[in-house]
Each structure stands twice: as C-alpha cells, then as structure tokens.
2 protein chains.
Amino acid sequence: MKQITKYVIKNSLKRIFLYRACLVRLKLMGVEKVFSYTLANETGVTSEQVRKDFSEFSIKGNKRGGYEINDLLGKMEDIFHRNKDHNIVLIGMGNMGLALSKYSKFVQRNMNIVATFDIDPFKQKERSGIPVYSMSRLKEIIERFKVKVAILAVPEISAQEVADELMRHGIKGIVNFAPVLLKVPPDVVINNVNLCDELESVIYYVHKQLKIDGFKNLELLYRDMKY
Amino acid sequence: MKQITKYVIKNSLKRIFLYRACLVRLKLMGVEKVFSYTLANETGVTSEQVRKDFSEFSIKGNKRGGYEINDLLGKMEDIFHRNKDHNIVLIGMGNMGLALSKYSKFVQRNMNIVATFDIDPFKQKERSGIPVYSMSRLKEIIERFKVKVAILAVPEISAQEVADELMRHGIKGIVNFAPVLLKVPPDVVINNVNLCDELESVIYYVHKQLKIDGFKNLELLYRDMKY
DNA sequence: GAATTGTTGTGAAACAAATCACAAAATACG
DNA sequence: CGTATTTTGTGATTTGTTTCACAACAATTC
Ligand SMILES: NC(=O)c1ccc[n+]([C@@H]2O[C@H](COP(=O)([O-])OP(=O)(O)OC[C@H]3O[C@@H](n4cnc5c(N)ncnc54)[C@H](O)[C@@H]3O)[C@@H](O)[C@H]2O)c1
Ligand SMILES: NC(=O)c1ccc[n+]([C@@H]2O[C@H](COP(=O)([O-])OP(=O)(O)OC[C@H]3O[C@@H](n4cnc5c(N)ncnc54)[C@H](O)[C@@H]3O)[C@@H](O)[C@H]2O)c1
C-alpha cells in the first residue's frame, strides 16, 4: 500500500553530522583528542548533549582523557556505512540536476552518482564527466550498479510517476527536490528538500525577530532558537 | 558577540508549509472547504495535529463546517508575510547559484532575487534575466532594495567572510549552502542547507531498514519515522 | 599512594511535542 | 423543535528530548 511517509531526520543524527564535520576539521589541524565541550563549543550545542548523542550511538570515550578523534571518526564511518561506496542515480538533468551532478562533495564522501537520466533527448549526452541516459536504461543501470538511493530533480508534475518507476526497479531511498509529497510504501525512505520552504522560513523568522525586537521581548525569540 | 546559532525550523511551521501546499492544490481543483482530517490524510499527519498546529497560529475553523480554504490561505499569507514582496540577494553564481537563480518558484511565492553577486569577473554579466554584479556593489543594492535575506552559495572557504560582509550591510537572514557553521550574532537567522548530509542520512536510514528487515524487527524502524 | 582535578556516562528532573479523549458548537434530519 | 451527527478546540495524558546533577573513574600532583 502506498501512503505518505514523510521522513524526519532525527536531530541526534543531524548533530552527529555536525560533530563529524568538526572532527574532520580538527584532524586536519593536527588535533588528536577532543573533549565533549570542545565539540560542543564548535557546534553550538551543550557538552551533555554531545555525550548523550554519543551514548545513543554507543560511542565511548575515556574518562578524563576525552575522545580520540581517529576512533570517533572510525565509529562514525561505521554508523554511516562509509566504509563502502554508495552508488546513486540522479533523475532530471535540468538546472538543479546539473548543479548536483557537478558537486564534488558527494564523491568525497563516497557517494557516487554513477549515472543521470533525463527524458529530454537533447540532454542525453555526457555532461561534466557523468553520462546522461534515457529513461529506458534505468532498470539496467540500477541493477548493474546495485543502486538503492536516487536523487529526484524532475518537475513537480512528473515526480510521483518517476518515483514509482524508481521503486519498481528496487530503489529504497529518494532525496526529492520536487515540492510534492510522494506516496510510497512504508519501507521506502523519502527525504524532501524544499528550498522554497527553507527560504520562506528564514523570512518568517527574520520578520518575527524584527517585530519582537520592537517589543523588546527576547524571551519569545529564544524559545524558537535551538543551539 | 559572534557565536554559532543554528536555527532549527519548528516542526509545526514545517507542517504549516505542507498544509499550505496542499490547500493550494485543493483550491486549484475547485474545492472550497476542508476538514482537519482531509489535510491530515493529504499530508500524512493526524487530524489532531492539524488542529493543534492551527491553534498555535490562532487559526479557527467552524465546528462541523471545517475550514474555508480561502480563509486558511489568507491567514497563512499573513503568517508568512506574503502580502508583501521580499527582495533577496544571491551571492555566488557557480553551479548551485545559477540553478537557484533560475528557479521560478521563488518568484511565484513573492520572493524576488533582485540581484546576484560573484567575485569572478567572467560571471559578472546578466544571466537568465537577473544581473550578476561585482561584490563592490553589494552595499548599494542591499540598501536600494531594502534586502534583509540572502542566499549564500559561495565555496566553504569564503562563506564566513561573505556572511560577515552581508551582515555589515544589514542582512538579517541567510540560507547557507556551504557546509560550514557560520558564526553570527544571535539576532541573525541562519538556515543551513547541507545536501551531502541530506543524501547521507537517506543512505543511513535505507541501510538501517535493510538490516532491520532481515531481523523482522519493525518496531525499531518506526520509532525513527514520523508521519 | 592519598588527595585533587577534570572528564565521562547516565539516572533523575524538567521541558517540549504528540496523542488521546471528550465537551462544545454547528448542522442536518425527522 | 429536539435529537443525532459531525467536526472543532483543548485540557489531560503520554511520549520524546534536553538539561541537570553527580557518581565513577583516569590522570596528575604532592
Ligand atoms: N532550480 C532550482 O534551483 C530548484 C530549487 C529547488 C527545487 N527545484 C525543484 O527541482 C526540480 C527540478 O528543477 P529544475 O529547475 O532543475 O527544473 P528543469 O525544468 O530545469 O529540469 C527538469 C529536468 O527534468 C527532466 N524531466 C522532465 N520530466 C521527466 C521525466 N518524466 N523523466 C525524466 N526526466 C524528466 C526535464 O527534461 C529537465 O531536464 C523541480 O521539481 C523543482 O521544483 C529546483
Ligand atoms: N553544486 C551543488 O550542487 C552544491 C550542492 C550543495 C552545496 N553546495 C555548496 O554551495 C556552494 C557553491 O557550490 P557550487 O557548486 O556552486 O560552487 P562553484 O565553485 O561552482 O561556485 C561558487 C561561486 O562562488 C564565487 N565566489 C567565490 N568566492 C567568492 C566570494 N568571496 N564572493 C563572491 N563570490 C565568490 C565563485 O566565483 C563561483 O562562481 C559551496 O559551498 C558548495 O559546497 C553546492
């Protein structure tokens, strides 16, 4: 049965991403050990939060000694299955698809866009090193590269239809840039990225602050801000 | 004092966005009234949640009669300050910036990218109808158009420096695509969009599901999914 | 090697969000 | 007009998350 299953990324997981980015930076700077409050300062959370998050993912440090950055990063690689490569397909080579296909950070994190697809024959040529195929080759490529995750950058109107096809071929996770809620069975993970909403919510909070500043009522403001 | 102030968009606000998108669709289909459970079904939440959210934003319906779609949309326009236009600047006309500058949905929602900026002289010409200026004209444009919100699509390394400049000229909200935590005073709203993390977390949840499926342990799975 | 210091790890407490349960209101129907 | 039905709105309850407080422990000092 297909239904709407919005996927909400847990805050603790989001924070783990922050810690990792921070650890990578510290490591580059030659640092070898961190304390929970170091990470806390760098990422804008509290040190208890850091330790609680680590405990959720069963990461242990040494009392008084803090955490070994290498150990931590190793643990996190395990958590995120980063020890192996992940093959991704990207559907829709329009403005957004093209930008994403050129984004080097994906590869740096072992996420390889192995192929991209578009319905438009004019777009079906190699672009920035990654092949652009016609939709008819979707099944073949997904199977060949054992792809489980797709990026969907097609127009709103086609998104559900394309998602259905992806799932027929075994895709289990979709990052969806189209501003629609896809209907999928509960075992498929959908992560909706809605950039209009992201921009609009900043406008919302900026306006709220401007208004509140006028009233000198800071309490309300901080209730909606999290560190 | 500059510090890290991550901005977390409230879940209730995110849901209001969902409701609105749904209402717009229903209106196009000629529907005039909705019940909380209609919206709930369409957006994958519960009907109590819909009503609680509405009550948070002091939206009232009529008992038995449900809600008038036009009323609701009007209320929401107020909430999001959509009755007036919002001028936005975009810094960094690389891959991502170019895609964003061409995105028509921003304009449809009264968010106008009035100008874009890039440090690279080769990029400083008109592109897809929007002017691309050199950074030296930032102050002038921000003041002329009373811009309060910016989109930041410059490389990681320059992000903080550019953010500082934006804030010097009065910018109060930033949608930041660079994978760094910007240090800003607490009255500035930062919304970090980290697409690597978004993709990686889908991989994370997909893997978790695959593993859990093997164990036929669904309980754990659903604890991390929210509707 | 005992006392001191600094840091982790985690139960308990406080806080926040979602769900439940139902009274109140509006409408429909006999 | 009164009874049944439907849906809202919201207190009460449950569930989830963050912060607090401190015991446990490792390292350091004397
Ligand atoms: N451009 C942006 O900055 C931006 C920002 C946020 C969200 N989005 C969303 O991302 C999606 C893509 O946006 P865009 O600006 O790249 O649009 P676009 O029109 O430039 O690109 C869409 C691409 O999808 C292809 N396509 C259409 N139907 C298809 C199908 N059935 N199968 C395969 N390919 C198909 C088209 O040929 C085109 O190349 C849209 O849903 C849009 O709302 C875009
Ligand atoms: N391309 C993507 O799909 C993608 C996805 C997610 C995040 N991002 C992030 O978005 C940002 C931009 O990515 P991109 O792929 O467009 O990179 P890019 O290199 O294509 O574009 C960056 C642009 O910023 C300009 N620039 C550099 N320094 C500047 C400065 N000090 N002031 C003004 N302009 C400056 C450059 O001239 C260039 O045009 C990066 O931080 C990247 O990590 C990109």
Side-chain angles (χ1 to χ4, degrees), chain A residues 4-19 23 26 31-69 71-72 75-76 219-227, chain B residues 4-19 23 26 31-69 71-72 75-76 219-227:
Chain A
I4 289 175
T5 43
K6 258 180 312 146
Y7 224 81
V8 177
I9 299 168
K10 263 184 144 182
N11 284 337
S12 56
L13 185 62
K14 282 193 201 164
R15 287 191 302 263
I16 295 277
F17 282 118
L18 290 182
Y19 306 149
L23 289 167
L26 289 171
V31 184
E32 283 172 11
K33 285 200 298 191
V34 279
F35 302 124
S36 57
Y37 60 79
T38 326
L39 281 174
N41 268 340
E42 292 289 314
T43 53
V45 303
T46 64
S47 57
E48 303 90 321
Q49 185 83 82
V50 173
R51 297 200 297 277
K52 264 273 150 83
D53 287 340
F54 282 1
S55 122
E56 181 181 338
F57 291 92
S58 2
I59 292 173
K60 299 233 174 294
N62 3 342
K63 306 214 167 171
R64 178 127 195 183
Y67 306 83
E68 296 272 344
I69 290 188
D71 278 12
L72 277 181
K75 274 272 192 186
M76 290 183 184
E219 196 259 322
L220 233 162
L221 170 63
Y222 283 104
R223 281 168 46 92
D224 291 334
M225 284 177 86
K226 294 207 181 177
Y227 298 91
Chain B
I4 290 174
T5 42
K6 257 181 311 145
Y7 226 85
V8 177
I9 299 167
K10 263 184 146 183
N11 284 338
S12 55
L13 186 63
K14 283 193 202 166
R15 286 191 302 264
I16 295 277
F17 282 118
L18 289 182
Y19 305 147
L23 289 167
L26 289 171
V31 184
E32 282 173 9
K33 285 199 298 189
V34 278
F35 303 125
S36 56
Y37 60 78
T38 325
L39 280 174
N41 269 340
E42 292 289 314
T43 54
V45 302
T46 64
S47 58
E48 301 91 321
Q49 184 82 82
V50 173
R51 297 199 298 275
K52 265 270 151 81
D53 288 340
F54 282 1
S55 123
E56 181 181 338
F57 291 92
S58 6
I59 291 173
K60 300 234 175 291
N62 4 343
K63 307 215 167 171
R64 175 123 198 189
Y67 306 83
E68 296 271 345
I69 290 189
D71 277 14
L72 277 182
K75 274 272 191 185
M76 289 184 185
E219 196 260 321
L220 233 161
L221 169 64
Y222 283 105
R223 281 168 48 92
D224 292 331
M225 283 176 88
K226 295 205 181 181
Y227 297 91

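Reminder, nothing fancy here: chain letters follow the sequence lines and each chain counts from 1. Keep in mind the model is a prediction, meaning the values are calculated, not measured.
For B:Phe54, the ring-ring contact (aromatic ring centres under 6.0 Å, His included) partners at least two apart in sequence or on another chain are B:Tyr19, B:Tyr67. For B:Lys52, there are no side chain to side chain contact (heavy atoms under 4.5 Å, CB included) partners, not counting sequence neighbours. With sequence neighbours excluded, the residues that form a side-chain hydrogen bond (donor to acceptor under 3.5 Å, both in side chains) with A:Ser12 are A:Glu56. Applying the salt bridge (Lys or Arg N to Asp or Glu O under 4.0 Å) test to A:Glu42 and every residue at least two apart in sequence or in another chain returns A:Arg25. Legend: residues meeting side chain to side chain contact (heavy atoms under 4.5 Å, CB included) with A:Phe35, ordered by chain and number and at least two apart, are A:Tyr37, A:Thr38.
Closest heavy-atom contact between B:Lys75 and B:Ser58: NZ-O, 3.2 Å.
Side-chain atoms of A:Glu48 lie closest to D:dA21 of the nucleotides C:dA21, D:dA21, C:dT7. Which of D:dT18, C:dT19, D:dT8 sits closest to the side chain of A:Arg15 comes down to D:dT18. Among the nucleotides D:dT18, D:dT7, C:dA18, the one closest to any side-chain atom of B:Gln49 is C:dA18. Considering only side-chain atoms of B:Ser36, the nucleotide from C:dT8, D:dT7, D:dT8 that sits closest is D:dT8.
Summarising the geometry, the separation between CG on B:Asn11 and P on C:dT19 is reported as 11 Å, rounded to the nearest angstrom. Across the protein-nucleic acid pair, B:Phe35 atom CZ and C:dA25 atom P stand 19 Å apart, rounded to whole Å. The distance between atom CG of A:Asp71 and atom P of C:dT8, rounded to the nearest whole Å, is 14 Å. Atoms NZ (B:Lys52) and C1' (C:dC20) sit 9 Å apart, rounded to a whole Å. Look at CZ on A:Arg51: it is 13 Å from C1' on D:dC25, rounded to the nearest Å. For the pair A:Phe57 CZ and C:dG9 C1', the interatomic distance rounds to 17 Å; values are reported in whole Å. The distance from atom NZ of B:Lys14 to atom P of C:dA18 is 11 Å, rounded to the nearest whole Å. Between the P atom of C:dT8 and the OH atom of A:Tyr37 lies a distance of 7 Å, rounded to the nearest Å.
For B:Ser55, no side-chain nitrogen or oxygen approaches OP1 or OP2 of D:dG9 to under 4.0 Å.
A donor and an acceptor atom never sit less than 3.5 Å apart when one is taken from the side chain of A:Lys10 and the other from the base of D:dG16.
Of the residues in residues 59-69 of chain A, those with a non-hydrogen atom less than 4.0 angstrom from any atom of DNA chain C are A:Lys60, A:Gly61, A:Asn62, A:Lys63, A:Arg64, A:Gly66, A:Tyr67.
Atom-to-atom distance recorded for A:Asp53:CG and A:Ile59:CD1 is 9.0 Å, nearest 0.5 angstrom.
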